Amino acid sequence: MENATRGEVLDFTHLTPLGKPTSPKFDEAKLRKIRARIEERARSMALTRRGAHIPAVDAESQTAWLEDDRPVSLDVGAPVKFP
Amino acid sequence: VVDPLDQTALLCDPFYEVRPGLGRSPKGHPVVQPGQIVWAHQVYPTSRPFIIDIKGYDPRDASKNTYVVSQLGASSVGPTHFPIKELNLRSDENLYVMHGKKRPAIVLQTLDAGFYNQRNPEPYLLVAPCFTFKDKHKPEYRARVAAMDFINLFFLPARPPCYGDQGVIRFEHIQPVAASGVEPQMTDGTKQCFLSDVAWAVLQHRLSLFLVGKGLDAGLDEDIKAYHDCILEAYQPPSG
């Protein structure tokens, strides 16, 4: 309910029924051809899902990045005051 | 009433695929793959940063520390406090407060640091969050999204068990998430959900267009334009 006021009775008098949904008319034959072309193109792209692999690792330098990934240490249960 | 846009075969068939699960890493994290549907905690940055600031500091007893929510200006730079050992924070770091939600996402990239670093795998994944359409989103708007009218949106048809409601990927919300915090979208407890190869390729093409202004395959651009026109022709609003 939009513009409702806490404690007041909800007003449903301005509700209107949903409009009749549009019934799209697809050109099925055209769509089938386009879909086939998209599939062919997509397959020719031959994308992989292997993720990014790092062939060379400088272990010493890599460790330095971990300084920015320190675990957050929080006092769970500590109260937080909202201004 | 069947929503015509929910016909998976509109762009490609299938749009989603169910495949055997990928198991877990030696550290116990779920192993996931680009193109996979996962659930992950994702956040939305606030227009001005909110932080949890330390108010009262007791060096002898950290449990007596008190905290307040503070807001930083967009121009705030430099240290805002002394280093806080108990919070593991340096002087120029803060604990930020943001809205967030556990929602479905498509994994865009994983990072494998290789043989020499297997004991410390990279802890993050790059994911694209999925948003469900709101009731206010009219069929014509949804059709425009499905037709790829908007460079930052990618349509996701509803097709349980992989994706329950019609929705979109919003490229502007792509973000890293903790690898240890994601859960693959499962079916029957053992299988997992992925974009099909064709849907994955079209997504990559559109993401490239969003990021660098050019798709991966010029020919695919032409086919997507034809697809766009075909969808929008079918959704022409009644004249008069």
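Scope of the values below: all heavy atoms of this structure, side chains included, with no hydrogens, waters or symmetry mates. The structure presented is a predicted model; accordingly, all values stated were derived computationally and were not measured. By convention in this document, chain letters (A, B, ...) are assigned in the order of the sequence lines, proteins followed by strands, and residues within each chain are numbered from 1.
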Exercise for review: Kindly compute the distance separating OH (B:Y227) from CD1 (A:I38), expressed to the nearest 0.5 Å.
Suggested key: 7.0 Å
Check your understanding: Between CD of A:E40 and CG of B:D223, what distance do you get to the nearest 0.5 Å?
Key -> 8.5 Å
**Study point:** A:K30/B:E233 under salt bridge (Lys or Arg N to Asp or Glu O under 4.0 Å): CA gap, chis, key distance, verdict
**Key:** CA-CA 12 Å; A:K30 192 172 168 185; B:E233 279 166 19; 3.5 Å; yes
Practice item. Apply salt bridge (charged side-chain N to carboxylate O under 4.0 Å, His left out) to A:R35 and list each qualifying residue two or more places apart in sequence or on a separate chain. Key: none
Review point. Got more than 12 heavy atoms from elsewhere within 6.0 Å of NZ, B:K191?
Key: no
Check your understanding: Between B:T110 and A:R49, is a side-chain contact (heavy atoms from CB on, under 4.5 Å) present by the stated rule, with each step listed?
Key -> CA-CA 9 Å; B:T110 61; A:R49 303 187 195 217; over 6 Å; no
For chain A, the option from [options] that forms the most heavy-atom pairs under 4.5 Å:
options                : result
B:P34, B:C12, B:A201   : B:P34
B:L10, B:V32, B:L108   : B:L10
B:H205, B:R90, B:E222  : B:R90
B:T66, B:L195, B:L89   : B:L195
B:V107, B:L126, B:V198 : B:V198
B:I231, B:I224, B:D217 : B:D217

Review point. Can you name the closest pair of heavy atoms from B:A226 and A:R37 and give their distance?
Key: CB-NH2, 3.9 Å
Study note, to complete from the structure: Most heavy-atom pairs under 4.5 Å with chain B, out of A:R43, A:M45, A:K33, belong to A:M45
**Study point:** Residue, of A:T48, A:L31, A:D27, that accumulates the most heavy atom pairs under 4.5 Å with chain B
**Key:** A:L31
Practice item. Could you tell me which residues satisfy ring pair (Phe, Tyr, Trp, His ring centres under 6.0 Å) with B:Y141, sequence neighbours excluded, listed by chain and number? Key: B:H137, B:F150
Review point. Can any side-chain N or O of B:Q109 pair as donor or acceptor with the backbone N or O of A:A52 at less than 3.5 Å?
Key: yes
Review point. Are B:C230 and A:I34 side-chain neighbours, meaning at least one heavy-atom pair lies under 4.5 Å?
Key: yes
Check your understanding: Any side-chain heavy atom of A:R41 sitting closer than 4.5 Å to one from B:V202?
Key -> no
